[in-house]
Each structure stands twice: as C-alpha cells, then as structure tokens.
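Convention: sequence-line order gives letters A, B, ...; per-chain numbering from 1. Just so it is clear, the structure is predicted and the values come from calculations on it, not from any experiment.
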Amino acid sequence: MADAPAGRDYRETVFLPDLPGDPFPLRAGLPKKEPERVKHWGEIGLYHLLRKDAAVRPKFVFHDGPPYANGAIHIGHAENKILKDLVVRSKQMAGFDCDYVPGWDCHGLPIEWKVEEDFRKAGRKKADVPAVEFRKACREYADKWIPLQRDEFRRLGIEADWGNYYTTMSFDAEAAIAAEFLRVVRAGLVYRGSKPVMWSPVERTSLAEAEVEYQEKTSPMIWVKFPLMQPTRLNEATEKFAKLQSAGHSSLSVVIWTTTPWTIPGNRAVSFSSAIKYGVYEVESIEQGLAFEPWVKAGDKLALADKLAEDVLRAAKAASWKRVSDFDPSGIVLTHPLRDWRPSPLAGEGREGGRSDAQAPAQLNAPHPPTPAPQGGGGVGYQFDVPLLDGDHVTDDAGTGFVHTAPSHGADDFVIWTKHFGQEGIPFTVDEEGKLTKEAPGFEGLEIIQLEGKNLGKDGPANKAVMDALIAAGALLARGQLKHSYPHSWRSKAPLIFRNTPQWFIALDREFRDGKTLRQIALDEIERVDWGQKRTGETKDQNRIKGMIQDRPDWLISRQRAWGVPLPIFVKKSDGSILQDDDVDARIIAAMKQGGADVWWATPAQDFLGAKYKAEDFEKVEDILDVWFDSGSTHAFVVGNPDAPTRSSFVNPVSTMYLEGSDQHRGWFHSSLLESCATRGRAPYDEVATHGFTMDEKGMKMSKSIGNTIEPQTIAAQNGIEILRLLIASAEYGDDLRLGKIMIDQSGEMYRKLRNTLRYCLGSLKGFEESERVFPAPAPQGGGGEELPLLERWLLHRLWQLDRVVRQAYDTYQFRAALSAIVEFCNVDLSAFYVDVRKDALYCDAATSFRRRASRTVLDETFSRLTAWLAPIMPFTTEEAWLTRFPDTLSVHLRQFPETPASWEDDFAGEEVARLREARSVVTGALEVARREKAIGAALEAAPRVFVVDDELRASLQAVDFAELCITSGIVIEAGEGPADAFRLPEVAGVAVVVEKASGVKCARSWKYFDPATADPRYPDITPRDAEAVAAWDAARG
RNA sequence: AGGCCCGUAGCUCAGUUGGUUAGAGCACACGCUUGAUAAGCGUGGGGUCGACAGUUCAAAUCUGUCCGGGCCUACCA
C-alpha cells in the first residue's frame, strides 16, 4: 500500500496540545515552587479573602488541637495538620465558612526540664530561681518555638489564620484556664485527697516517671506474720473466723514479704488473688545446728500460696511441715503485726495509742473505714483492722502469694485501697525529707534514706527500727537481703520512695448537675457525639473513650511544678474548705488577664483576699494545674461558648469538630470532654475524628534510635509536600500510616498522572472561549441545534456521578474515596478512553467542528471540576493549573465545588457507553494479537470486522462511529457468530473480531487510512475531513 | 502484663446482611505509538484474604486460639 506522495507537512495545522512556553510542565519542580506559592498566598492575604468570601455561609467550626511548642515538627505533626487541612479546605469549598485558628500548648514538664537544664548550665539550681523568673524563661522558650513550627506548618500548605494563633500561655488564656478551674470548683467537684508519688527525699521533690531510672540496689527483705483478727467485734470476718477456729486455726498468721520494711507502719491491708491457691501450713520441726535461733516455732500455722510455701518455710528455717488445709482468704480480716507492740521507753515516750493528730493537712485523715475504734490492749497506734483484699496485681511468682499493702507507698497499693475505701484512711507516714512522721507511731523522725554525709543515699535507720519492732512483737518470720532493680533519681542517682502527698482531684462520681455525676454526663455526651461512625460506620472510637471514662479514677489535677496555671484557690485553715467568693475570684482573674498567671506568685495573698478575709487564715495553694486541664479548656477561650463565642464564625455552628491522633482518647478528647461537661454539661465537640500513627515501610514505629524516621522537611525538599499530601489523602488514615520510599514513589506516580491530566486539559483547552462552548454551563444539550455526541453525554454523566461520589466522600471525611474515584476517572475514563478516542477530533477537526467544540466544552467542565475537587488535597498544583488557565483570577481556593446540573445525569449514555466499551475490549484484544503477529503496528492500520450476535448490541455499535471508538481506520459490523478462528473474549459473549488491514492510503495529517478517491483535489494526501480543517486554517492565515 | 485496634496481590486500598473462577488503581514484564513523548495506549503475570482450629451445604466475611504490628495504661504532650 502506497502512502500519498510526499507533499506538504501538515503538522502546523494540527491542534496539538502543547502550550507556548510550557507554563505547566510535567516536571513540576515542587520543592522550589511550593515555598514561593506559600509566600504568594500570604501576600494576597488568602486566608482573609476566604473569610470575607464565606462570611455569610453556614459555620463549620474546626478546633485545632494544640501541638506542644517544643522542637521541630515531625512526620506525625505533618499527618495531623494535613488531615486537618483536608477537612478545612473541603468544608470551605463545600459551602461552609470554616475558620481555622491554629494553636500551641505551652505549659508543662518538657519545657520546664529544658529551662531547668539551661539554668543549671548557668550554675543556678531551680530551687534558687524565683518562680516568676523561672516562668519567664519557660515562656521565652515556648515563644521561640512557635514561629518556627508555624512556618513549618505553612510549608505543608496548611491554610489557617497563622497571624492570629492561640496559645495556652497568653495572659488571656491563662486567665481563662484559671476561670474554668474556678467554675469546676463552683460545681462542687474539686476536693483534696492524696496519692503516692515517686519522691526523692534527697532532692525533696516529686519526680515524673521520665525522671526515674532503675539501678541495682541491695535491700533487706522480710517475711512478716499478720495474725488473724481476734473475734472481739462483730463484722463479716467473725463467722469466717469462727470456722477457722473450729478447725483449730485460731493462731493462724498470713505471711507477707517485702523489701521495704519502713512501709510496714503504713500497712493497711494485705492483698491476695482469687486466682491463686492457698493452704494452711503447720511447722513440724526447725532446722538444727543454726548459729542463731530462728523465729519460727514448731506448731506455727502459716497461710501461704501453695506454689511458694516451700520457699518461704525454708527461708524461715523450718525443717519439716505439713499442709493441714486449704485457705480461702476472701472476707478475712487480719491485725497489724505491730498492734500490741510498744516501743522501748526511750523511743516511744509520750505517744499514746490512737492516731496522731499531727497529720500533714489537718483534715485529711478521715477515720479508718474498717475499724473506727482501737481494740484496747497496749499498742501505740496500730490497732486497726487489716482487711484481705482481692487484687489482680498479686501473683505467685515471688514472695508468699500475699502482698503487703501500704496505700501511701505504692501504685498498686493505692489503687486497690481506693477501690475499696476511697481516699479515706490513707496515712501520711513519710514527710518530704523521707522521715517517718507521727502517723508511724514509734518511728517518728527516722530517716528512710540518709540525707547527708558519707552515706548519703544509703538506707537510713527506719528499716532497722521497724525490723527490730517486728522482732519485738514476734511478728517477724524471717529476713534476708535482696539485690534488685530499684528506682533512682535521674539527676542525683539517689534512691526514691513512694510517698503519699496531698493532691487536688476532680470528682467523677459526685452528683452535681441535675443529680448527675460528671462521669454520667460525659458518658451521655459520648453517645451524642459522632466518633467517626459517619465515616467508617464503626463505633470503635466511641467504645474506646467510653471504656476509658467508665473505668478512670478521679481526675488528679494538681502538680508540684512551676510552669503552668496555678490552682487559684485559698483553703481555710480552720476547716479545709475552699474559699468561694465572687469578689476574690474576680480579682484573681482580672489580675491574670493583666499580668498572666505569674501574678499568683508575685502578688501577696492579701491583695486577692481583700478586706473581707485575713491572709493568715488561709493556705494559698501553689500547685499548678495538670497541663491537660489547660488544653481541655481551649474550647472555652478559642471557640468560646454559646454565650461568648470568640469570633463571629464560631456562632451557631452546624458542627464542631476535633481531629487528632488516636492517642488523644486519653488526652485532649478526654480532658476536653471532662472539662466541658464539668463546666457546661456538654461535650465541646459534635464530631471527633482520629487518625493512626506514622510507621516505617515495614509497619514498625519510627524512632530516632532505630534510624527509620522520615522527616516532612526531607520529603518537602526532595519530592515536594504535595506528594506527602497525596499519600496521606490516599491512605486509610484511621489506621496506622506506613511511610517509606516505595509509598512515596507510588504517590509521586499518582501525582504525575493527575498533573499530566490537568496539563492535557490545559493544552486541549488552549484558546477556548465562551463562544465556542456548545451549551451554557448548566444546560446539557442543544447548542447550535446539534445534539451532543454520545461520548460527551457520557462524560457529563460521569462527571455527574463523580460529583456525587466526591461530595459524599468529602462530607464524611473519606478523602481516599474521593481521591481514588478521581484518579480512576483520570486513568480509566479520561486517559485510556475518552481522550484517546477524542484526540483525533481535538487535533484534526476544524476549529468550528461541533464535535471538537463539544469535546472542548466538556473538557472545560472537567477541568473546572478536577481543579476544585483536588484543591483540598493538592492546593499547590491545582492553584498552579488554575492560574495558568485563568491568570486574572486570585486563587482556585476561593472557588467552591462547582454545581453539577442534575440534567447531566444520563443513564442511557452511561449504559450505552459501557456496552460499547465492552465490545471495544474485544477489538483491542484482537488488535493486540495482530500486533504480536506483526500484522499491524498502530491501531489505525487496521479495519476489523466485528461479528455481533445480539441485535440490540449490533444496533448500538452501528449507531455510533465504532471505528472512531476503537481508533481504527475503518470497521465493519456484521451479524452472526463470525468465523471459528475469530478473536473472542470469554467475558464478552456473542462478539467476535477478525482483524483486517485498513485499505487505502495513510492520511498525511490524521494518519488514518482512507480511500484517496474521496480526497479533496486541493489536498489529495489527506482525508476530506482534514482537507476541510486545513482549508479553514489556510483561510484564517489568509 | 492488661484494655482497645490493625493484618486482602510488590504498594495503597474495594470487597453490602457469609453465596459464582476475590476486584481496582499504581508498580512490574512484554508489545505498540513517537502529535500528552522524562508522556500516551494495549496485553499479561501476580493473592491457600497473617496462621491454625471450629460453626455452616457454603467463610476474606461468624467464633476461638495463636503469630506479627500499633495505640493506651506517665507530675509526657
């Protein structure tokens, strides 16, 4: 077959999609362009334009959870802020006014540590720095980080009110937080209790867990007998005791084991586990030939865990024994081993029985619940019941199976005690120097740890004194020494103790509002709020927070630290009550607004108390609030409350949303919920969304020590942040997000596809003007009296479908659903089908061709929607594409998602094209075979014969230019099964294809094969269609 | 150690109330095109749905156990 004679080069007459100067190159250069764009948005004041534009729209309040103002941002921050940006931008474009006020959390220990370290380097101890000076340094430290983090967030493309952010340390915020706390006080929920904390006697301070390190230490270990309570009083134990007595067990003792003898005076209970089997063991004989006389005696009856009995009895130097019965500890009451002990006259002089009245805060020691009265006898203060409590923390791995429980001196001990008896009855046996107090009668003033001299940090006299007392009381069964891991101070390396200290709490189970407790209100609100059900259809986040609120203890809100908002209250020395006086409160809040929380330390108490009260009658609380109370209060001063919103855009919102990492179930979601329920009786949010954590490519957590971290700054510099945004948008962010080279590369590929699609639209729409449009945007058909081609009707139908999918996806925060629908549309519908088919018309038709105009009109609608739908995800690239096409507009981000006319819905076109594409797949399959056999190269070299069994389908194929759809130069549609060796696809029944080469000559312009006899004599080497186009082109050129 | 959650092709993900040979996009391989060209089109390979056991006529889907991973149990945010 001969080509037309070499003649004119028609290339210049073809409407190729290249753009002059290539303003939108495929190679995006994002790392360089993105920062310029950020700067530009700042310069045009985009955020304020958005606000102005949206002022009359319905309000959607997005409340930003504040990151901590410390350090550079990491990938977790990036994921968090980008997801927030996706919400804010998509809500904004969906027709809401979505004001995004970013914030920072500023108080707290991490900054306090840093600042403390700085002072230490300068040779000053924290204790020597005045509170106000120290706090000033903390404030400056936080202030230094905020602008740095802010600029990093902006680099991520986050559109927010960066010039007007909030912090928890602004004077207004500090005053607001204090005021919030006073509201909780007024609700009657704040009380003083106590809790054991890690305490360093050497440094006279409490420590956070992160300030603790574990080192080897040798401690004494003792086995102590707790005798059964004698049945002198009527209580639950009596009946049980009677049974034991009748079994001959009245002299039975329960044995505990401990490495801290000094905590025995603080003992208030013994814990056991109902999962452990216990027995009563009677000692039969004692080891002979010992250098000392063991304390254990033949005939002693001891209750022990069966698994540990032998170890204990051997330690006690028993030679033989027998197990006489089972032992069920539940409901039994013991007596304290020192009940009948009397100190030697020297040590115990003047201390009568009963409890000391020198308790740390006077009113703290409520009567001991199980035993209000001493039992008489000669003791000095240990005449109380020691109940046996069932606890999960008890194991039979070591010890005796019974655990000495001193609620002042251990976390487990405290928990099990408060679970049974609440805050009451917990003694303050140790003072801040680590000396035993009057509440440890007989041991007052004894040091647990030596505070001075050569032996600083070694055991003080307390342990020995207690052991001596136990021996004197006949309560010691055995003792020894144990080398074990023990908590020490990170700084001083001195050993630590658990010490009960007075603390402030918010009560969860106190009725206060319509007879409901804070816990009940919070649980009710959890039911009201959407915890992602709308997005995932699942209730797992709701279940998670519900479980936490159900199980949690009272909120411990006081901290013995410096960098925070104080608990701005005065306690009456006479009765321990909190002073509640509106005038006093108003003076405190007003002063804080003026001078920040510092005024609490800098101002004499009398100034706040005014004339009505005397400062000496009150204790001024100098603890600071848990920083979670700070961030839990942000809603009050950022979003405001119904009576006092902070901005007009926060009035009457359709919804208020919080979006944070799933760890915030116990953090911000949690504290905000409790705070707001305590002060307002409702949750501060209507919707809560959570996201998972960023992992490395293997799904392992990122850590600097492993070296598998990926920094957002690196991605921004190497790939462009848009790649990360795309990656996040395409992930199921409720789960953990994997991040590695493969995912980033994949995201880069997706980016190129989308960018190239936009680029192709830009090129194809070159010079497109309104006059060329075949219908006004909202109208589907008509235009020049010609009916829109099926292909264009179908594309509009697809846009209509996508519109619904995308809006629905954004509405429910399913970004990946929106993105994958768009990407699939770009790949499958646009690139592989529509554009591939329409290239011929777009390139080669005359400019006036209705087909070409229709295509360009529809592509214009496509471009309009793609740029809008993708704008939340790819703010940089959509802006670039939009401004390339419309350089006179301000920003793509001032647009909304375009309305898509309902009339674009066209089920006929949708189904018809689906059928045609199915038949087309048989043709392309056949062409592939022909190609492999080298019969053809390009599809245009073929003119297949298509055999169709079904009349209806055949009619459909004949109703359109099926060759055009298959991009072949010709096609023949025939009825019937076709030859046996024709190409068929198993999934497309009744269609067979025989590939034949196209006849005629190859058009020099459109490369189609055609019959040269039909050619326009002026242009013999091109098809008549091309001739028409070239004629028009030539005419326009003159 | 407990509480909660996750585990479908190399990657990101779909898989309605259990019901044909488990899908998509990307990546990969091969081919075509050279007028989207550091692009575009086509064809193809690839999964015992983390493992095991059970319920059922039937399990990716329901139950249990285990394995791997994550978050939370902090005077960390």
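Here B:G7 presents its P atom at 18 Å from CE of A:Met700, a figure rounded to the nearest Å. Across the protein-nucleic acid pair, A:Asp736 atom CG and B:C5 atom C1' stand 9 Å apart, rounded to whole Å. When the P atom of B:C11 is taken as reference, atom CD of A:Glu732 falls 17 Å away, rounded to whole Å. The CD atom of A:Glu697 sits 16 Å away from the P atom of B:G10 (whole-angstrom rounding). Summarising the geometry, the separation between CG on A:Asp630 and P on B:C75 is reported as 15 Å, rounded to the nearest angstrom. Separating the CG atom of A:Asp696 from the P atom of B:C11 is a distance of 13 Å, rounded to the nearest angstrom. When the P atom of B:U12 is taken as reference, atom CD of A:Glu79 falls 14 Å away, rounded to whole Å.
You'll find that the side chain of A:Arg738 is closest to B:U12, out of B:G3, B:U12, B:C26. The side chain of A:Glu824 lies closest to B:G25, out of B:G25, B:U12, B:C4. Distance from the side chain of A:Ser662 is smallest to B:C71 among B:C71, B:C75, B:U12.
Contact check for A:Ser1006 versus A:Thr1023: side-chain heavy atoms found under the 4.5 Å cut-off. For the pair A:Leu30 and A:Thr877, the minimum side-chain heavy-atom distance is below 4.5 Å.
Checked for salt-bridge contact, A:Asp623 and A:Arg561 miss the test: no charged N lies under 4.0 Å from a carboxylate O. A salt bridge between A:Arg759 and A:Asp18 is absent, with no side-chain N of the basic residue lying under 4.0 Å from a carboxylate O of the acidic one.
Backbone-only engagement by A:Thr924 is indicated by non-hydrogen atom pairs under 4.0 Å involving sugar-phosphate atoms exclusively. Among the protein residues, A:Glu749 comes within range of the sugar-phosphate backbone only, with heavy atoms under 4.0 Å from sugar or phosphate atoms but none that close to a base. Using a 4.0 Å heavy-atom criterion, one finds that A:Met743 contacts the sugar-phosphate atoms exclusively. Within the nucleic acid shown, A:Gly699 comes within 4.0 Å of sugar-phosphate atoms alone, with no base atom in reach, counting heavy atoms only. Counting any heavy atom pair closer than 4.0 Å across all strands shown, A:Gln550 reaches no nucleic acid atom. A:Gly547 comes within 4.0 angstrom of nothing in the nucleic acid, heavy atoms only.
When the side-chain nitrogen and oxygen atoms of A:Lys540 are compared with OP1 and OP2 of B:C6, one or more of them lie within a distance under 4.0 Å.
Both key distances under 3.5 Å define a Watson-Crick or G-U pair, and stretches of 3 or more such consecutive pairs in RNA chain B run B:1-7 with B:67-73, B:10-13 with B:23-26, B:28-32 with B:40-44, B:50-54 with B:62-66.
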If you restrict it to nitrogen or oxygen atoms, what contacts under 3.5 Å exist between nucleotides 32-37 of chain B and the protein, and what is each distance?
from  : atom 1 : to        : atom 2 : distance (Å)
B:C32 : OP1    : A:Lys934  : NZ     : 3.4
B:C32 : O2'    : A:Arg931  : NE     : 3.4
B:C32 : O2'    : A:Gly937  : O      : 3.1
B:G35 : N7     : A:Arg11   : NE     : 3.4
B:G35 : O6     : A:Arg1005 : O      : 3.4
B:G35 : N1     : A:Arg1005 : O      : 2.6
B:G35 : N2     : A:Arg1005 : O      : 3.2
B:A36 : OP2    : A:Lys839  : NZ     : 3.2
B:A36 : OP2    : A:Tyr843  : OH     : 2.9
B:A36 : N7     : A:Lys839  : NZ     : 3.3
B:A36 : N6     : A:Ser831  : OG     : 2.8
B:A36 : N3     : A:Asn756  : ND2    : 3.2
B:U37 : OP1    : A:Arg759  : NH1    : 2.7
B:U37 : OP1    : A:Arg759  : NH2    : 3.3

Please write out each protein N/O paired with an N/O of nucleotides 15-21 of chain B under 3.5 Å, distance rounded to 0.1 Å.
none

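In this structure, A:Arg852 forms a cation-pi arrangement with A:Phe15, its terminal cationic atom sitting closer than 6.0 Å to the ring centre and no more than 45° off the ring axis. The side-chain tip of A:Arg755 points at the ring of A:Phe24 from less than 6.0 angstrom away and within 45° of straight on. Cation-pi geometry between A:Arg838 and A:Phe833 is not met at under 6.0 angstrom from the ring centre and within 45 degrees of the axis.
Closest-nucleotide positions on RNA chain B for A:Asp551 and A:Val823 were compared, and the one nearer the 5' end corresponds to A:Asp551.
A side-chain donor from one of A:Tyr10 and A:Asp1021 sits under 3.5 Å from a side-chain acceptor of the other.
Residues A:Trp104 and A:Tyr68 place their aromatic rings such that the two centres sit no closer than 6.0 Å.
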